[in-house]
Student: 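Before I ask anything, here is the structure I am working with.
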There are 2 protein chains.
Amino acid sequence: MEALTINEAASTTGWSPRMLRYVEQAGLVAPERSAAGYRLYGAAELQRLRTLKELLSEFEITLSDVAFARRLASDSGLRRAVDGWLAARPARPEHVQAEDWLRFEQEKHERLLAAAGA
Amino acid sequence: MEALTINEAASTTGWSPRMLRYVEQAGLVAPERSAAGYRLYGAAELQRLRTLKELLSEFEITLSDVAFARRLASDSGLRRAVDGWLAARPARPEHVQAEDWLRFEQEKHERLLAAAGA
DNA sequence: AAAACCTTGACACGGCCGTGGTAAGGTCAC
DNA sequence: GTGACCTTACCACGGCCGTGTCAAGGTTTT
């Protein structure tokens with residue numbers, strides 16, 4: 001069975017080794033460990049890392065966003081509270097709303113892209 | 001019918017006027033506007049602002065988190081993609097995971113509280 | 001018409017995020 | 001047993017978040 005070490009995994013997924021550790025810390029992709037503590041990425045993890053990358057760029061979301069979604073999914077108390085708040089009266093002027101928070105959420109990415117010189 | 005102006009609303013909700021504008025920009029609580037453009041907070045908005053505040057402190061989450069939850073709730077494509085990713089193989093070592101991301105998500109707040117001298 | 005309040009826009013600032021790099025020290029392969 | 005690779009821990013840095021404050025200009029009230 002082939003399990004890639006962190007640098008190999010980095011090469012095949014496009015993440016940097018540094019980011020792989022960061023992603024693990026965020027609780028999103030945690031590879032098995034060897035007896036000595038080496039990270040061992042199996043096929044499942046590699047796939048997960050690739051799809052994670054697509055997910056982030058396709059929807060312009062961040063690791064923190066996914067981490068929060070994870071928390072939402074696993075903490076039903078939190079989910080109920082948040083969904084409940086959102087479901088309550090949806091704040092009067094609905095049009096302004098949609099327009100505004102959309103810009104709010106997108107702005108950072110536009111700035112990032114601009115800064116990245118894309 | 002009584003509708004409070006931004007400073008009055010700030011007083012009764014505990015938010016600062018600046019934050020009220022920020023919360024609106026984040027698309028979370030958007031008050032009606034007078035003909036001249038003055039924000040007019042009704043009972044519903046005031047209640048919403050108070051519960052929002054409780055929500056944030058009770059679960060140690062941020063405005064951005066709620067904004068993202070809102071996006072998740074209103075963009076089914078996004079929700080399906082994220083939930084799908086999370087639902088897929090839940091990353092091997094489940095224990096490390098839970099432990100780790102929990103710390104990851106909580107650390108910032110601990111630091112915030114510490115910094116705030118609480 | 002002046003005082004008091006509102007609006008948007010901008011500057012500021014500490015702190016965290018995403019990222020890279022490096023150091024000190026274990027592990028693996030040959 | 002030496003070189004290549006891994007691990008954790010820490011410093012650095014640009015950019016955004018949450019927040020305050022101030023300026024320039026309308027509105028409301030008296």
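Numbers restart at 1 for each chain; the letters A, B, ... are given by sequence-line order, proteins then strands.
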Student: What is the distance from OH of B:Tyr22 to P of C:dA10, rounded to the nearest Å?
Tutor: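 For the pair B:Tyr22 OH and C:dA10 P, the rounded distance is 16 Å.
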
Student: Please give, in whole Å, the distance from C:dT7 P to B:Gln25 CD?
Tutor: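 The distance from CD of B:Gln25 to P of C:dT7 comes to 14 Å, rounded to the nearest Å.
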
Student: How long is the line joining CG of A:Leu20 and C1' of C:dT19, in whole Å?
Tutor: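 These atoms are roughly 13 Å apart.
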
Student: Could I get a table of every N or O pair under 3.5 Å where one atom is in the protein and the other is in nucleotides 26-30 of chain C?
Tutor:
from   : atom 1 : to      : atom 2 : distance (Å)
C:dG26 : N2     : A:Tyr38 : OH     : 2.8
C:dT27 : O4'    : A:Tyr38 : OH     : 3.2

Student: Between the side chain of B:Glu58 and the main-chain N/O of B:Leu55, is any donor-acceptor distance below 3.5 Å?
Tutor: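 Flag not set: sc B:Glu58 to bb B:Leu55 has no pair under 3.5 Å.
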
Student: Rounded to whole angstroms, how far apart are CZ on B:Arg39 and P on D:dG26?
Tutor: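 It is 17 Å, rounded to the nearest whole Å.
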
Student: Starting at CD of A:Glu24 and ending at C1' of D:dT7, how long is that distance when rounded to a whole Å?
Tutor: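 Atom CD in A:Glu24 sits about 11 Å away from atom C1' in D:dT7.
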
Student: Does a side-chain N or O from A:Ser16 land closer than 4.0 Å to OP1 or OP2 of C:dG20, or not?
Tutor: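 Yes, such a contact exists.
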
Student: Can you name the side-chain contact (heavy atoms from CB on, under 4.5 Å) partners of B:Ser57, sequence neighbours left out?
Tutor: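 With sequence neighbours excluded, B:Ser57 shows a side-chain contact (heavy atoms from CB on, under 4.5 Å) to no residue whatsoever.
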
Student: Kindly write out the residues that satisfy side-chain contact (heavy atoms from CB on, under 4.5 Å) with A:Ser16, not counting sequence neighbours, or none if the list is empty.
Tutor: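 Applying side-chain contact (heavy atoms from CB on, under 4.5 Å) to A:Ser16 gives A:Arg18, A:Met19.
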
Student: Figure out the CZ/C1' separation between B:Phe68 and C:dC17, and round it to whole Å.
Tutor: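 It is 16 Å, rounded to the nearest whole Å.
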
Student: Take atom CG of A:Asp65 and atom P of C:dC16, then tell me their distance rounded to the nearest Å.
Tutor: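 Those two atoms, CG and P, are 18 Å apart.
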
Student: So which nucleotide from C:dC5, D:dT19, C:dT7 ends up closest to the side chain of B:Thr5?
Tutor: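 Taking heavy atoms from C-beta onward, the closest nucleotide is C:dC5.
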
Student: Provide a list of protein-nucleic acid N or O atom pairs under 3.5 angstrom, restricted to nucleotides 11-13 of chain D.
Tutor:
none

Student: With sequence neighbours excluded, what pairs up with A:Ser34 under the side-chain contact (heavy atoms from CB on, under 4.5 Å) test?
Tutor: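 For A:Ser34, the residues satisfying side-chain contact (heavy atoms from CB on, under 4.5 Å) (neighbours in sequence not counted) are A:Ala36, A:Tyr38, A:Leu40.
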
Student: Could you pull out all residues at least two apart from B:Arg50 that satisfy side-chain hydrogen bond (donor to acceptor under 3.5 Å, both in side chains)?
Tutor: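 In terms of side-chain hydrogen bond (donor to acceptor under 3.5 Å, both in side chains), with neighbours along the sequence ignored, B:Arg50 is linked to B:Gln47.
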
Student: Among D:dT19, D:dT7, C:dT19, which nucleotide sits nearest the side chain of A:Met19?
Tutor: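 Selected nucleotide: C:dT19.
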
Student: So, the side chain of B:Trp85 versus the backbone of A:Arg48: is there a donor-acceptor pair under 3.5 Å, distance only?
Tutor: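 Present.
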
Student: Provide, to the nearest angstrom, the distance between the CH2 atom belonging to B:Trp15 and the P atom belonging to D:dC17.
Tutor: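 About 15 Å, once rounded to whole Å.
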
Student: Please check: side-chain N/O of A:Thr5 versus main-chain N/O of A:Glu8, any donor-acceptor pairing under 3.5 Å?
Tutor: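 Side chain of A:Thr5 to backbone of A:Glu8: no pair is present.
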
Student: Would A:Glu32 and A:Arg39 satisfy salt bridge (Lys or Arg N to Asp or Glu O under 4.0 Å), going step by step from the backbone distance to the final call?
Tutor: CA-CA 6 Å; A:Glu32 211 65 83; A:Arg39 270 165 263 252; over 6 Å; no

Student: Within the side chain of B:Arg79, is there an N or O that forms a donor-acceptor pair under 3.5 Å with the backbone of B:Ala73?
Tutor: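 Indeed, once roles are kept as given, a pair shorter than 3.5 Å links the two residues.
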
